[in-house]
Amino acid sequence: MIKVIFPDGVESSCNEGTTFFEVLKGHDSEILKNSVAVKVDGELKDLRAALKGDSTVRVEPVTADSKEGLEILRHSASHVMAQAVKSLYGNVKLAIGPAIEDGFYYDFDTEKPFTPEDLEKIEARMKEIVKADYRFTSDALPKKDAIALFAGMGERYKEEIISEIPDPTVSVYRQSDFTDLCRGPHVPSTGYIKAFKLTGMAGAYWRGSEKNKMLQRVYGTAFATKEALKEHLDRLEEAKRRDHRKLGKELDLFSTSEEIGSGLVLWHPLGSTVRRLIEDFWKNEHVKDDYSIVYTPHVAQVGLWKTSGHWDFYRENLYSPMDVEGQEYIVKPMNCPFHIQIYKSRLRSYRDLPIRYAELGTVYRYERSGALHGLLRVRGFTQDDAHIFMTPSQLEEEIKGVLKFTLYILKSFGFNEFDIFLSTRPEKYVGDLENWTRAEAALKGALESTGLKYSIDPGEGVFYGPKIDIKIKDVIGRSWQCSTIQVDFNLPERFDVTYRDENGAESRPIMIHRALMGSLERFFGCLVEHYAGAFPTWFAPVQAVILTVTDRNNDYAETVCKRLREEGIRAELDKRNEKLGFKIREAQLKKIPYQLVIGDNEVKDGMVAPRKRGGETLPAMPLDEFIRHIQAENRPGVLK
RNA sequence: GCCGGCGUAGCUCAGGGGCAGAGCAACUGAUUCGUAAUCAGUAGGUCGGGGGUUCAAUUCCCCCCGCCGGCUCCA
């Protein structure tokens, strides 16, 4: 007899050989209904597997709606998809088919790429397989036998995978006539996969390397219930609705032009207004925080990048040099060497440090055409960059300050949730170990001081120093990589940056690179999606639009508009000969925060009748009262 | 860069080897109107660009450019 302990503390005893199915049934048949697998002493197992071995085991049901359960469900769905594909198309070789973040995929080596119609056919066949409710069964095989098995089926990718598995035996899973190499576990039968959908397909290289053959990847997703699946698909729709590329066009914020070139952004007047407000706020806050704002050229001699090391390390992202009177110049991919030159323009004392140079610096980097994406990945963009030069002993204090400042700026735009990562020393690094240890401790100390949660990415730091990355979470839960704070031991060395220390000796400062928004393009794209284009009053490009009811109201409306503008409010006047409902609809579609209706009543009483973007109408009020009302929101950081 | 899809009026999209289409927007006129679309009329096209097949190409084929979904990359 084996003693079984359940998570709720209940114990029971079962014979060796009892399946977990039966074990759970005896415990709680309700939970069994929702379970796809079990965790036995922390290890995931099939429900069909049997108790064995130890005298006491802890058994925990894994339900389909849990993180691990979903993963199992999706992984099983990928097997069902593979079965469907194999049964529909001859001569298909299987590569890999894992569960991923929001679903699963399977890579196939096919003669012909799949078409959208194939996707439908595959999904239909999958439904048949689910309906047939085939059992998932598993076998352990010695590697040699497994290789022979898959070689017999012509599955050369599987052979390759098996030969790289260190264990002496591997497991295979079968459902109906389909066999696949798999670690498992799986749901007990295909009928468990009640809610799934194929979501797309794409080419994907075998093992992710461009040197290898391109395979056909089919993406899908699966959930515990139809409701959860629908919710997920609705979320995708919602994301589509918020897409900054779509809203950018609809709201006339920005565009790109084929004549100009890919990845080069035109900021239209309304988008430019938002950008200007972001920039003004950014500059003011930096000055308050004791940064010096600087400006630097867009091109420079290539030698600068040879010294910095970028010419050797990142050549493929740099634009080709241009000849200027026999000298080679390139358009700048980064701002740091310029800031270093400003630093080096005279002798610096330890008394001058820290020195903080900040710049909204526009840089150009070559990105492969396939990598470009709206405002999020472009070839020309403006970094909200800063470089801080300090003595090693100032590092921790400085990082604390930068971190606090970063969070303050992000919160001012309405971002309050973050995923924070600390990346530590990689295998290949420059600088001495002592500095690394110190810098990592400093970054850690600064993170601890914020009280925010963070995770450590060991070995993921850049070769020149450890870093903190902050991803902001938007309203629908997506993460956006924006802020980065990087310690750099390398550039001060390469450019021979120095200061005079307390003893008059030449010392090497440490540098921090940091960007809060990353780039204005990316941050703006993120803001558009976060707010679905309905920007808070303080950075809405148009804050109030005045809508006249008839031509009789035009003169008064003009004075209202003029007055608002004098008060610094971005107001527009719509005196077109259209019905009020039409004007409201347009203002609403433009997502303007306030619509001021002016008809005969308002003219008579010297009032305005405000209507909010959400549809709420406020009682008619004197203009001065409305100005007070909107001014209360017209300040950086106020998010109405 | 690679795989697949797409590119038709300012926008959203339909069409398809033989006259280039709709809705919205624009323009003109009428209407002077109270909280999400007033009515009528007019104009608008190198069907992304180049080449080929054909009596005839926007449609079929090839090349290029751009966009979209991925792969890859992201200092």
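Below, read A as the first sequence line, B as the second, and so on, with proteins coming before strands; counting in each chain starts at 1.
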Exercise for the section: Kindly say whether, by distance alone, the side chain of A/Arg377 makes a donor-acceptor pair under 3.5 Å with the base of B/rC74? Expected result: yes
Problem - Whole angstrom value for the distance that separates P of B/rA75 from CD of A/Gln486 - result: 8 Å
Practice task
Could you tell me whether the side chain of A/Glu316 has a donor or acceptor atom within less than 3.5 Å of a complementary atom in the base of B/rG1?
Solution key: no
Problem - Pair A/Thr362-A/Thr382, side-chain donor/acceptor within less than 3.5 Å - result: yes
Fill in the blank from the handout: Taken to the nearest whole Å, CD/A/Glu578 to C1'/B/rC27 is 13 Å
Practice task
Assert yes or no for the condition that the ring centre distance of A/Tyr106 to A/Phe104 is strictly below 6.0 Å.
Solution key: no
Exercise for the section: State yes or no: are the ring centers of A/Trp436 and A/Phe489 separated by less than 6.0 Å? Expected result: yes
Problem - B/rC3 to B/rG10 separation - C1' atoms, rounded to the nearest Å - result: 33 Å
Problem - Any strand: nucleotide that pairs with B/rC55 via Watson-Crick or wobble, under 3.5 Å - result: B/rG18
Exercise for the section: Can you figure out which of B/rC67, B/rA36, B/rU72 approaches the side chain of A/Arg368 most closely? Expected result: B/rU72
Exercise for the section: Measure the distance from CD on A/Gln481 to P on B/rA75 and round it to the nearest whole Å. Expected result: 9 Å
Exercise for the section: Please tell me if the side chains of A/Ser483 and A/Leu410 come closer than 4.5 Å, counting only heavy atoms from C-beta onward. Expected result: yes
Handout entry: Residues A/Asp469, A/Lys467: salt bridge by 4.0 Å N-O rule
Key = yes
Problem - Which nucleotide in B/rU38, B/rU32, B/rG69 has an atom nearest any side-chain atom of A/His373 - result: B/rG69
Exercise for the section: Give none if B/rU72 has no partner; otherwise give the nucleotide forming a Watson-Crick or G-U wobble pair with it, both distances under 3.5 Å. Expected result: none
Problem - Shortest side-chain distance from A/Glu367, nucleotide among B/rG34, B/rC33, B/rC73 - result: B/rC73
Exercise for the section: Please state how far atom CD in A/Glu602 lies from atom P in B/rU35, giving the value in whole angstrom units. Expected result: 12 Å
Fill in the blank from the handout: Here the distance between atom P of B/rC67 and atom CG of A/Leu376, to the nearest Å, is 14 Å
Exercise for the section: Assign a letter to each nucleotide of nucleotides 2-15 of chain B from its 5' end: B, base within under 4.0 Å of a protein heavy atom; S, sugar-phosphate only; -, no contact. Expected result: BBS------SS---
Exercise for the section: Enter the distance from A/Thr550:OG1 to A/Asn553:CG here, rounded to the nearest 0.5 Å. Expected result: 4.0 Å
Practice task
Would you kindly check whether a donor in the side chain of A/Arg552 faces an acceptor in the base of B/rU32, or vice versa, at under 3.5 angstrom?
Solution key: no
Practice task
To the nearest Å, give me how far apart CG (A/Asp600) and P (B/rU35) are.
Solution key: 14 Å
Handout entry: Separation of atom CG in A/Leu251 from atom P in B/rA25, rounded to whole Å
Key = 17 Å
Exercise for the section: Classify the ring geometry between A/Phe415 and A/Phe523 as parallel (under 30°), tilted (30 to 60°) or perpendicular (over 60°). Expected result: perpendicular
Exercise for the section: Considering just the side-chain nitrogens and oxygens of A/Tyr366, establish if one lies under 4.0 Å of OP1 or OP2 belonging to B/rA75. Expected result: no
Handout entry: Between C1' of B/rA37 and CG of A/Leu547, the distance in whole Å
Key = 14 Å
Practice task
Measure from the ring center of A/Tyr89 to the ring center of A/Phe114 and say whether it is less than 6.0 Å.
Solution key: yes
Practice task
May I ask which nucleotide in the shown strands pairs with B/rC6, Watson-Crick or G-U wobble, both distances under 3.5 Å?
Solution key: B/rG66
